[in-house]
Chemist: 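Structure provided below as structure tokens; questions to follow.
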Amino acid sequence: MTGTRATRRQFLNSAAAGAMAAAFPAPLIAQGAGPSVVIIGGGFGGASCARALRKADPRIAVTLVEANATYTALPHSNAVIGGLTDLSHQQFGYDKIKSAGIHVMLSPATAVDPQGKSVTLADGTELSYERLVVSPGVEFRPGTIQGYDAAARTIMPPAYNDGAEVALIRHQLEAMADGGVVVISSPVNPARCPPAPYERASMIAHYLKTKKPKSKVIVLDAKESFTMQKLFEAAWQKLYPGLIEWVGLSQGGALSQVDAKTKTLSTDFDKYTAAVANIIPPQQAGRVAVLAGVADRTGWCPVDPVTFESKLQKNIHVIGDAAIAGAMPRSASAANSQGAICAAAIAALLAGKTPPAPTLTSSCYSLIAPDYAISQKGTYRPADDQYAEAEGGPVISPQDAPRATRHAEAQDADAWYRAITGAVFG
Ligand SMILES: Cc1cc2nc3c(=O)[nH]c(=O)nc-3n(C[C@H](O)[C@H](O)[C@H](O)COP(=O)(O)OP(=O)(O)OC[C@H]3O[C@@H](n4cnc5c(N)ncnc54)[C@H](O)[C@@H]3O)c2cc1C
């Protein structure tokens with residue numbers, strides 16, 4: 001196993017695996033005998049990077065470390081909350097990635113030694129690397145909302161990095177009596193997928209309109225404005241009049257305290273009692289970024305925009321939501337694009353070449369009703385040591401478009417989801 005220092009037990013297991021391998025034909029694409037790259041995090045960033053690295057140079061031995069055997073994709077998960085689709089459509093295993101010749105270790109990374117160039121997993125395995133890629137997604141900043149602890153999270157879940165919480169909110173909505181108030185708290189930026197809280201409000205409103213019409217949705221926002229706000233608000237007016245109330249920062253939208261027992265949410269101005277509460281706290285890079293020494297005081301990871309190599313640790317690259325990537329949004333689309341660019345850069349660096357300056361893309365669709373979507377697309381290039389929006393700025397859905405345009409975007413959103421999950425996990 002290239003790049004792995006095994007414990008005695010693992011050595012015995014791998015000896016048994018070796019005997020099995022002698023009895024059965026080798027996989028079609030065997031691990032390379034060349035340099036070893038370890039990738040932590042098998043989400044949109046890490047899994048894309050692993051696949052792109054194998055394609056870029058099959059001699060590179062690629063090991064993907066992932067904490068969970070099943071990955072739950074968050075794009076389209078708001079449609080699960082709205083009752084349009086099932087959680088199983090969001091879930092993917094790692095078998096196809098394994099059969100692409102990538103060594104997959106299903107155990108959380110618990111330590112990184114940047115000097116010794118090694119990663120330790122919870123099961124005791126130690127992996128050595130020439131280059132490490134870190135793509136752990138986000139976690140929630142502790143202590144930002146008074147009373148919001150692990151127990152409160154089980155009652156008022158974020159459903160922002162955990163598939164089981166998506167299913168929980170869905171069940172809570174089904175169990176809620178007609179006339180109940182659903183409260184969503186939307187965090188400050190930077191955060192994962194800026195339009196997601198408003199797409200979620202739309203999907204919940206769709207469910208309430210069709211099944212529990214006396215109910216309503218309140219969005220408490222820690223921001224003064226939000227992405228594609230005019231488009232969302234015009235659609236809400238048209239599709240869900242009076243059903244969604246948005247409370248911005250200056251109207252007292254910033255959540256400061258919760259009482260999980262009574263499902264009471266307090267801001268500096270008011271108290272709200274929710275039948276269902278979806279608390280989305282402020283965020284930072286996943287914990288392993290701190291363990292690897294690649295997160296700065298902001299909680300996010302500064303990187304070189306051409307190679308995604310950390311500005312704090314040599315030979316460690318950070319991609320996806322954890323990275324500070326200038327104007328690029330924290331999206332699956334961006335993470336996928338960054339995974340491919342980072343893989344090309346690593347292959348070039350390992351071959352002693354200089355990677356060229358890249359161009360990256362991101363497209364983000366928001367479903368407002370089953371046949372009604374809006375989107376924001378962008379192209380990004382390095383400028384002044386950061387990613388800047390390419391000339392012309394983002395391409396956003398037109399404000400006054402006929403219903404057919406929104407319908408076509410809903411179909412595009414579906415096609416985009418199938419294409420990206422097929423390319424990364426299929
Ligand atoms: C409700 C919602 C809707 C969204 N909709 C869209 C959309 O429409 N379009 C879009 O482009 N994006 C969307 N996103 C954003 C998208 O989900 C993220 O931007 C994307 O998943 C980021 O990819 P990533 O690789 O950085 O992190 P993730 O996809 O979260 O992957 C991180 C992985 O790392 C693993 N991990 C973490 N720590 C460790 C460790 N120590 N050891 C091993 N493994 C570890 C985790 O288990 C996880 O599998 C949405 C997000 C949400 C919450």
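Counting starts at 1 for both ligands and their atoms, in listed order. Everything numeric here is computed off the predicted structure, so don't read it as measured data.
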Chemist: Check ligand 1 against Val65 and write out every atom of the ligand that is under 4.0 Å from a heavy-atom position of the residue.
Modeler: 43 (C), 44 (N)
Chemist: Please list the nearest protein heavy atom to atom 43 (C) of ligand 1 with its residue and the distance rounded to 0.1 Å.
Modeler: Ala67 N, 3.3 Å
Chemist: I'd like to know whether CZ of Arg287 has more than 12 heavy-atom contacts from other residues, nucleotides or ligands below 6.0 angstrom.
Modeler: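 No, not enclosed.
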Chemist: Quick check with a 6.0 Å cut-off and a 45 degree axis cone: is Arg170 positioned over the face of Tyr207's six-membered ring?
Modeler: yes
Chemist: Give the atom numbers and elements of ligand 1 that come within less than 4.0 Å of a heavy atom of Val288.
Modeler: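 Answer, ordered by atom number: 41 (N).
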Chemist: Tell me which part of Ala335 gets within contact of ligand 1: side chain, backbone, both or neither, using heavy atoms under 4.0 Å.
Modeler: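 Answer for Ala335: side chain.
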Chemist: Going through the distances and angles, do Ser362 and Ser337 end up as a side chain to side chain contact (heavy atoms under 4.5 Å, CB included)?
Modeler: CA-CA 7 Å; Ser362 171; Ser337 199; over 6 Å; no
Chemist: Tell me the protein heavy atom at minimum distance from atom 7 (C) of ligand 1, and give that distance in Å.
Modeler: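 The closest one turns out to be Pro75 CB, 3.6 Å.
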Chemist: Taking distance alone, with no angle check, do Ala332 and ligand 1 share an N/O pair under 3.5 Å?
Modeler: yes
Chemist: Using the six-membered ring wherever Trp is involved, compare the ring planes of His76 and Tyr417 and label them parallel, tilted or perpendicular (cut-offs 30° and 60°).
Modeler: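 Judged by the thresholds at 30° and 60°, the geometry between His76 and Tyr417 is parallel.
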Chemist: Less than 6.0 Å separating the ring centroids of Tyr94 and Tyr71?
Modeler: no
Chemist: Kindly compute the distance separating CD1 (Ile204) from OG (Ser215), expressed to the nearest 0.5 Å.
Modeler: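 Ile204 atom CD1 to Ser215 atom OG measures 11.0 Å (nearest 0.5 Å).
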Chemist: So which bit of Asn78 gets within less than 4.0 Å of ligand 1, heavy atoms only: side chain, backbone, both or neither?
Modeler: side chain
Chemist: Going by heavy atoms, is Arg200 under 4.0 Å from ligand 1?
Modeler: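 The answer is yes, since Arg200 has a heavy atom less than 4.0 Å from ligand 1.
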Chemist: Just wondering, are more than 12 heavy atoms of other shown residues or ligands nearer than 6.0 Å to CD in Gln91?
Modeler: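 More than 12 within 6.0 Å, yes.
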Chemist: Please list the nearest protein heavy atom to atom 32 (C) of ligand 1 with its residue and the distance rounded to 0.1 Å.
Modeler: Ser135 O, 3.4 Å
Chemist: Do Cys193 and ligand 1 have an N or O pair less than 3.5 Å apart?
Modeler: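 No, no N or O pair falls under 3.5 Å.
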Chemist: For atom 9 (N) of ligand 1, what's the nearest protein heavy-atom neighbour? Residue, atom name and distance, please.
Modeler: Trp416 CH2, 3.3 Å
Chemist: Atom OG in Ser185, atom CG in Asn278: separation rounded to 0.5 Å?
Modeler: 7.0 Å
Chemist: What is the closest protein heavy atom to atom 8 (O) of ligand 1, and at what distance does it sit?
Modeler: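 Scanning the protein heavy atoms, the shortest distance from atom 8 (O) of ligand 1 goes to Tyr365 O, 3.5 Å.
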Chemist: With heavy atoms only and a cut-off of under 4.0 Å, state how Ala196 meets ligand 1: side chain, backbone, both or neither.
Modeler: side chain
Chemist: Specify side chain, backbone, both or neither for Ile420, according to which of its non-hydrogen atoms lie closer than 4.0 Å to ligand 1.
Modeler: neither
Chemist: Counting from 1, what ligand 1 atoms have a heavy atom of Gly137 closer than 4.0 Å?
Modeler: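 Near Gly137, meaning under 4.0 Å from one of its heavy atoms, ligand 1 has 26 (O), 27 (O), 30 (O), 32 (C).
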Chemist: Identify, by atom number and element, the atoms of ligand 1 in contact range of Ile40, meaning under 4.0 Å from any of its heavy atoms.
Modeler: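 Within the 4.0 Å cut-off of Ile40, ligand 1 contributes 40 (C), 42 (N), 43 (C).
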Chemist: Apply side chain to side chain contact (heavy atoms under 4.5 Å, CB included) to the pair Leu360 and Tyr387, showing each step before the final yes or no.
Modeler: CA-CA 9 Å; Leu360 286 93; Tyr387 273 101; 3.0 Å; yes
Chemist: Using a 4.0 Å cutoff against the non-hydrogen atoms of Gly320, which atoms of ligand 1 qualify?
Modeler: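 Heavy-atom distances to Gly320 below 4.0 Å select 26 (O).
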Chemist: Closer than 4.0 Å to some heavy atom of Ser333 - which atoms of ligand 1 meet that?
Modeler: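 Taking each heavy atom of Ser333 in turn, ligand 1 has 11 (O) under 4.0 Å.
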Chemist: So, do Phe226 and Trp246 have ring centers that fall under 6.0 Å from each other?
Modeler: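 Under 6.0 Å, so yes.
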Chemist: Under the side chain to side chain contact (heavy atoms under 4.5 Å, CB included) rule, what do Tyr372 and His407 come out as? Steps first, then yes or no, please.
Modeler: CA-CA 5 Å; Tyr372 192 114; His407 185 206; over 6 Å; no
Chemist: Contact between ligand 1 and Gly286 is defined here as a heavy atom of the residue under 4.0 Å from a ligand atom; is it met?
Modeler: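 Checking ligand 1 against Gly286, which is what was asked, there is no heavy-atom contact under 4.0 Å.
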Chemist: Is a donor from one side chain sitting under 3.5 angstrom from an acceptor on the other, for Tyr198 and Thr227?
Modeler: no
Chemist: Please indicate whether Lys96 has more than 12 foreign heavy atoms, meaning atoms of other residues, nucleotides or ligands, lying under 6.0 Å from its NZ.
Modeler: no
Chemist: Hey, is Arg330 touching ligand 1 through its side chain, its backbone, both or neither, going by heavy atoms under 4.0 Å?
Modeler: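 Looking at Arg330 and ligand 1, just backbone atoms fall under 4.0 Å.
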Chemist: Return a yes/no value for Gly45: is any of its N or O atoms, backbone included, closer than 3.5 angstrom to an N or O of ligand 1?
Modeler: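 The answer is yes, given that Gly45 and ligand 1 share an N or O pair closer than 3.5 Å.
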Chemist: Would Asn68 count as a contact of ligand 1 if the rule is a heavy atom under 4.0 Å away?
Modeler: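 Flag set, Asn68 near ligand 1.
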Chemist: Does the residue Cys364 have a heavy-atom contact with ligand 1, meaning some pair of atoms that are separated by less than 4.0 Å?
Modeler: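 Yes.
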Chemist: Looking only at protein heavy atoms, identify the closest one to atom 37 (C) of ligand 1 and say how far it is in Å.
Modeler: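 It is Pro136 O, 3.5 Å.
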Chemist: Where's the contact between Arg192 and ligand 1, heavy-atom distance under 4.0 Å: side chain, backbone, both or neither?
Modeler: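 The answer is the side chain of Arg192.
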Chemist: Among all protein heavy atoms in this structure, tell me which lies nearest to atom 31 (O) of ligand 1, with the distance rounded to 0.1 Å.
Modeler: Gly43 CA, 3.3 Å
Chemist: Applying side chain to side chain contact (heavy atoms under 4.5 Å, CB included) to Tyr148 and Leu255, what does each step give before you reach the verdict?
Modeler: CA-CA 11 Å; Tyr148 196 68; Leu255 179 65; over 6 Å; no
Chemist: Can an N or O of Glu66 be found at a distance shorter than 3.5 Å from an N or O of ligand 1?
Modeler: yes
Chemist: Hey, is the main chain of Ile374 close enough, under 3.5 Å, to the side chain of Ser397 for a donor-acceptor pair?
Modeler: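 Judged by distance alone, no pair lies under 3.5 Å.
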Chemist: Show your working on salt bridge (Lys or Arg N to Asp or Glu O under 4.0 Å) between Lys311 and Asp385 and close with a plain yes or no.
Modeler: CA-CA 11 Å; Lys311 287 183 177 168; Asp385 205 27; 2.8 Å; yes
Chemist: Pick one of side chain, backbone, both or neither for how Ser77 approaches ligand 1, counting any non-hydrogen atom pair under 4.0 Å.
Modeler: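 Under 4.0 Å from ligand 1, Ser77 contributes side-chain atoms alone.
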Chemist: For ligand 1, which atoms have a heavy atom of Pro108 less than 4.0 angstrom away?
Modeler: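 In order of numbering, the contacting atoms are 42 (N), 43 (C).
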Chemist: Please check if the side chain of Ser256 supplies one atom and the backbone of Ser266 the other of a donor-acceptor pair under 3.5 Å.
Modeler: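 Between the backbone of Ser266 and the side chain of Ser256 there is a qualifying donor-acceptor contact (under 3.5 Å).
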Chemist: Is ligand 1 under 4.0 Å from a heavy atom in the side chain of Asp321, in the backbone, in both, or in neither?
Modeler: both
Chemist: Suppose we measure from atom 41 (N) of ligand 1 to each protein heavy atom; which comes out shortest, and what is that distance?
Modeler: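 Ranking protein heavy atoms by distance from atom 41 (N) of ligand 1, first comes Ala109 O, 3.1 Å.
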Chemist: Just let me know how Leu74 lines up against ligand 1, side chain, backbone, both or neither, with a heavy-atom cut-off below 4.0 Å.
Modeler: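 Contact part for Leu74 vs ligand 1: both backbone and side chain.
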Chemist: Take atom CD in Gln146; do more than 12 heavy atoms of anything else shown fall under 6.0 Å from it?
Modeler: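 Not buried by this count: 12 neighbours or fewer within 6.0 Å.
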Chemist: Test your reading of the model: is there a side-chain donor-acceptor pair from Arg54 to the backbone of Pro58, 3.5 Å cut-off?
Modeler: yes
Chemist: Report yes or no: does Tyr417 have a heavy atom closer than 4.0 Å to ligand 1?
Modeler: no
